[in-house]
Structures are given as C-alpha cells and as structure tokens.
Amino acid sequence: MLVVAGTRPEIIKLVPVMQALAAGGVVSPRFCHSGQHQNLGRSVLDAAQIAPDEQLLRPDVVDLGALLAGLTTSIGTALDRQCPRAVVVQGDTATALAGALAAFHRQIPVAHVEAGLRSGQIDRPWPEEAYRRMISRLARWHFAPTAAAKLALLNEGVSPAHVEQVGNTVIDALHWALGRLDADDTLGAEAVPVIARAGKRPIVLATVHRREHGEGDLRAIAEGLRALAAREKVELVLPLHPREENAVLRDMLGRVPHVRIVEPLGYFAFLRLMRAARLIVSDSGGVQEEATAMGRPMLVLRAETERPEALQAGTATLVGADPGLMLARAQDALAAPMPEPSTVFGDGRAAQRIAARLARDL
Ligand code: UDP
C-alpha cells in the first residue's frame with residue numbers, strides 16, 4: 001500500500017492512516033512524499049517518526065498544468081519502483097489528483113480519504129473543487145468524512161458498496177497531537193513566546209492561503225484584520241503561508257500595532273495557538289474542522305464552504321473577503337461565549353475504520 005502526500009494538510013490527515021495501517025499489521029504502508037510542500041509537514045512526520053520511502057522533488061514550475069504533469073510523472077516512477085497493491089490519496093491537492101491519475105494509469109486501485117466534499121461551484125475553491133471531483137471518478141474506495149459527503153457521492157452515482165462514512169482523519173490527528181502536547185512541553189514550543197507576548201489580550205489567530213484570492217481580496221482581508229486590531233483590544237497572530245501573493249498581507253499589516261506576522265508554524269505550535277485563541281479567522285478547510293472540534297469560534301474568509309457542518313455546529317461564520325462584515329462578526333464572536341466543542345467531523349477513529357476496510361478488501 002503506497003500512501004501519497006505532499007502538502008501540509010494531506011500529511012496531517014494521512015499520518016493517522018499510516019499509523020492505523022501499520023498497527024493493523026495486515027497491509028503495510030509505505031509513504032511517498034511528492035515534495036509539493038518541502039517543509040510544511042515536517043513537524044508531524046518527525047513526531048510520528050515517519051520517514052518517506054520515496055522522497056520526490058517538487059517540479060520547479062508555477063503553472064498548475066505543469067505542476068500536475070510533473071507530479072503525475074514523478075509519482076508514476078515511484079509507483080513503478082514500489083509496485084503497491086493500492087494507493088491512498090487524501091483531499092483535493094495537485095498531489096492527490098496526480099497520485100490518483102498515476103495509479104489509474106497503472107491500473108492500481110485508489111483509496112480516497114476525505115471524499116465527497118463539495119462546494120457546488122467548480123471554481124471555488126480553485127482548483128480544489130475540480131480536483132476532488134476528478135479523484136472521485138478515479139477512486140475505488142471513497143472514505144467520506146460526514147453524512148453530507150457520503151450523500152454527495154451517492155448522488156453522483158458512486159456505488160454505495162464503495163462509499164464508507166468514517167469521519168475525518170483530521171480529528172484522529174488532533175486527538176493524537178493534543179495528547180502529545182500535554183505530555184511534552186517541548187513540542188510546539190515556538191508558540192509559547194507568541195502566546196506570552198499577547199499578555200492579557202485575547203489572541204486572534206489568522207491564516208490565509210487560498211489560491212482563488214486575488215490581490216483585491218487579499219487587500220480587503222488585510223483591511224478587515226487591520227480594523228479588528230485597531231478597534232478591539234486583541235493580539236492578532238498571522239502565520240504567513242509562503243505564497244508569493246501573500247506579500248501584500250505583509251506590506252499592509254507588517255507595521256500595525258498588535259499584529260504579529262510569523263513564519264508558518266509547525267503543527268504542534270499551531271495547535272498550541274489554536275488552543276490559546278479566543279477567535280480564529282481563516283480560509284483554511286482543516287482549520288474549520290479543528291476549530292469545530294476544539295470549540296473555537298471561526299470566521300471563514302470565503303463566500304461558501306464545503307464543510308456546512310461547521311456552520312451548523314455554530315462554530316464557523318462565513319464572512320467572505322468583506323472587511324465590514326469581518327469586523328462586525330468578529331465583535332459578535334468576541335462578545336459571545338465560546339462555542340461548545342463538537343464531534344460533527346468525527347470521533348477520532350476514522351483511520352482505524354479506513355485501515356480495517358482496506359485490510360478486509362485487500
Ligand atoms: N497548520 C499548521 N501550521 C500553520 C497553519 C496551519 O500546522 O501555520 C495546520 C492546521 O492545524 C491544519 C492544516 O495545517 O491541520 C491546514 O492546512 P491548510 O490551511 O494549509 O490547508 P487546507 O486545510 O485549507 O487544505
């Protein structure tokens with residue numbers, strides 16, 4: 001079994017699957033790192049003591065087509081070396097689609113973890129909505145995190161025999177990581193001075209990385225964050241994703257009082273900050289799931305979400321890239337009690353279910 005991942009969220013969400021496959025002892029996992037993000041997932045792999053069996057180089061291109069082509073080729077060569085009986089991919093990244101396509105070309109069955117998420121709009125999020133729909137056409141096993149995701153797949157004609165609702169493995173990762181954090185003060189220690197510096201000010205933790213945000217959206221988001229830091233007595237922490245386009249956030253927010261721009265944080269440090277945060281502002285998918293499970297209010301910097309469960313649970317609120325709405329909803333959330341933690345995204349045993357199903361079928 002070859003598990004293919006290359007970006008931070010995929011690595012976080014597939015580490016529990018590798019652990020469960022290894023613990024099950026029936027199907028032994030091997031890990032192919034596509035190189036799509038060179039370092040962003042390293043803290044998780046180190047803590048889980050997982051070293052890639054295949055470490056590929058990220059194709060040195062910016063064009064999405066060239067990236068997909070390069071990854072399909074490099075993952076294909078890894079498949080030719082490893083000859084797995086099945087390939088596991090996660091979510092909706094270029095690595096996931098390239099992994100599924102490379103496996104399909106070799107007639108190797110594909111297991112898709114976090115299958116069936118749909119925004120209903122092909123270009124939002126872009127290119128992820130299209131990528132995950134294409135993976136659904138290629139996969140044999142569809143591991144849906146929620147009832148809504150399972151229903152979306154059934155409505156698209158996927159056979160019920162091939163769809164299983166298992167929960168989201170991000171919750172397995174979260175339980176594992178929070179347990180590790182409690183046991184080891186040195187894990188994620190880079191968050192400690194950031195939290196200490198906030199003093200009595202409530203922490204607002206923000207992340208921005210979606211590709212479909214153009215410069216206009218990024219400027220509007222920066223304006224909203226600036227207004228929030230100016231109007232409310234908060235400390236705003238922004239671990240800046242290394243996308244080139246995010247330079248505008250650094251330009252607009254770099255010298256604003258009580259706004260702290262930091263490098264992308266390791267997973268454990270980020271979770272320490274989430275735990276300490278009074279409010280989260282983000283366009284991230286995984287963070288919506290984590291905030292819901294941890295009971296942290298979150299403003300989602302998007303017009304729609306493929307995770308409606310987070311809205312229903314009452315943790316997440318859509319604000320798009322509208323600075324006025326951001327400020328108003330942030331003020332509401334800061335004045336309201338913290339939401340209750342919710343298990344809508346899973347009970348922490350999704351990976352066990354996935355490993356059991358794969359062991360049975362293989
Ligand atoms: N995350 C992290 N460090 C950061 C920001 C986020 O480890 O500085 C983690 C976060 O806990 C979550 C995941 O990265 O599990 C989300 O990744 P991202 O927002 O890049 O992608 P998405 O979930 O939107 O696909």
Side-chain angles (χ1 to χ4, degrees), residues 5-16 36-48 89-97 113-114 117 119 124-129 131-132 135 145 168-178 180-181 187-191 194-195 203-213 221 236-243 245-246 249 260-277 280-294 296 298-302 304-307 310 316 345-346 348 350:
T7 65
R8 174 174 66 195
E10 293 171 286
I11 291 171
I12 291 170
K13 290 173 170 180
L14 284 176
V15 158
Q36 191 177 342
H37 285 169
Q38 297 287 357
N39 285 316
L40 291 186
R42 187 151 312 271
S43 60
V44 196
L45 291 172
D46 288 349
V89 298
Q90 195 282 337
D92 48 24
T93 64
T95 291
L97 178 56
V113 175
E114 198 183 70
L117 267 59
S119 72
R124 297 171 76 94
W126 178 83
E128 290 91 342
E129 174 83 359
Y131 283 9
R132 59 193 173 216
I135 297 169
N168 197 310
T169 58
V170 76
I171 307 299
D172 307 30
L174 183 65
H175 289 185
W176 166 75
L178 292 180
R180 294 289 304 261
L181 280 185
L187 267 183
E190 63 266 40
V194 181
I195 295 169
I203 293 176
V204 177
L205 176 61
T207 75
V208 184
H209 76 89
R210 295 247 84 88
R211 239 180 236 271
E212 71 267 19
H213 282 141
I221 289 168
L236 199 138
V237 181
L238 174 66
L240 204 60
H241 196 278
R243 290 180 66 229
E245 294 80 350
N246 275 352
L249 295 176
R260 181 124 193 235
I261 296 182
V262 296
E263 292 305 304
L265 292 164
Y267 180 50
F268 293 94
F270 189 75
L271 290 184
R272 276 196 196 282
L273 263 167
M274 275 192 87
R275 219 157 46 169
I280 293 162
V281 183
S282 173
D283 59 6
S284 164
V287 175
Q288 286 175 61
E289 294 150 354
E290 291 163 344
T292 302
M294 293 170 85
R296 295 291 179 278
M298 172 164 168
L299 306 184
V300 181
L301 298 168
R302 293 181 48 197
E304 68 287 296
T305 175
E306 54 284 290
R307 293 168 172 88
F345 288 111

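Because the structure is a prediction, the values reported are computed rather than measured. Atoms within each ligand, like the ligands themselves, are counted from 1 in listed order.
- Neither side chain, Thr93 nor Glu128, offers a donor N or O lying under 3.5 Å from an acceptor on the other.
- Backbone and side-chain nitrogen or oxygen atoms of Val287 are examined, and none is located within less than 3.5 angstrom of a nitrogen or oxygen of ligand 1.
- When non-hydrogen atoms are compared, ligand 1 lies under 4.0 Å from the side chain of Glu290 (C-beta onward) but not from its backbone.
- Taking every non-hydrogen atom of Gly286 and a distance limit under 4.0 Å, the qualifying atoms of ligand 1 come out as 22 (P), 23 (O).
- Counting heavy atoms closer than 4.0 Å to ligand 1, residue Phe270 contributes side-chain atoms (C-beta onward) but none from N, CA, C or O.
- The shortest N or O to N or O distance between Val170 and ligand 1 is not below 3.5 Å.
- Residue-ligand proximity: Glu289 is placed with every non-hydrogen atom at 4.0 Å or more from ligand 1.
- At a heavy-atom cutoff of 4.0 Å, ligand 1 is contacted by no atom of Lys13, backbone or side chain.
- For ligand 1, the polar-atom distance check finds an N/O of Leu265 within less than 3.5 Å of one of the ligand's N/O atoms.
- Heavy atoms from both the backbone and the side chain of Ser284 come within less than 4.0 Å of ligand 1.
- A salt bridge does not link Arg275 to Glu290: none of the charged side-chain nitrogens sits closer than 4.0 Å to a carboxylate oxygen.
- With contacts defined as side-chain heavy-atom distances shorter than 4.5 Å, the pair Glu10/Thr95 qualifies.
- Near Gly285, meaning under 4.0 Å from one of its heavy atoms, ligand 1 places the atoms 22 (P), 23 (O), 24 (O).
- If you look at Arg210 next to ligand 1, the close heavy atoms, those under 4.0 Å, all belong to the side chain.
- By the 4.5 Å heavy-atom criterion applied to side chains, Ile203 and Val237 are counted as neighbours.
- Only the side chain of Ile12 comes within 4.0 Å of ligand 1, judged by heavy-atom distances.
- Within the 4.5 Å cutoff, the side chain of Glu129 has no heavy atoms near those of the Arg124 side chain.
- Closest approach of Glu114 and Asn168 over heavy atoms only: OE2-ND2, 2.9 Å.
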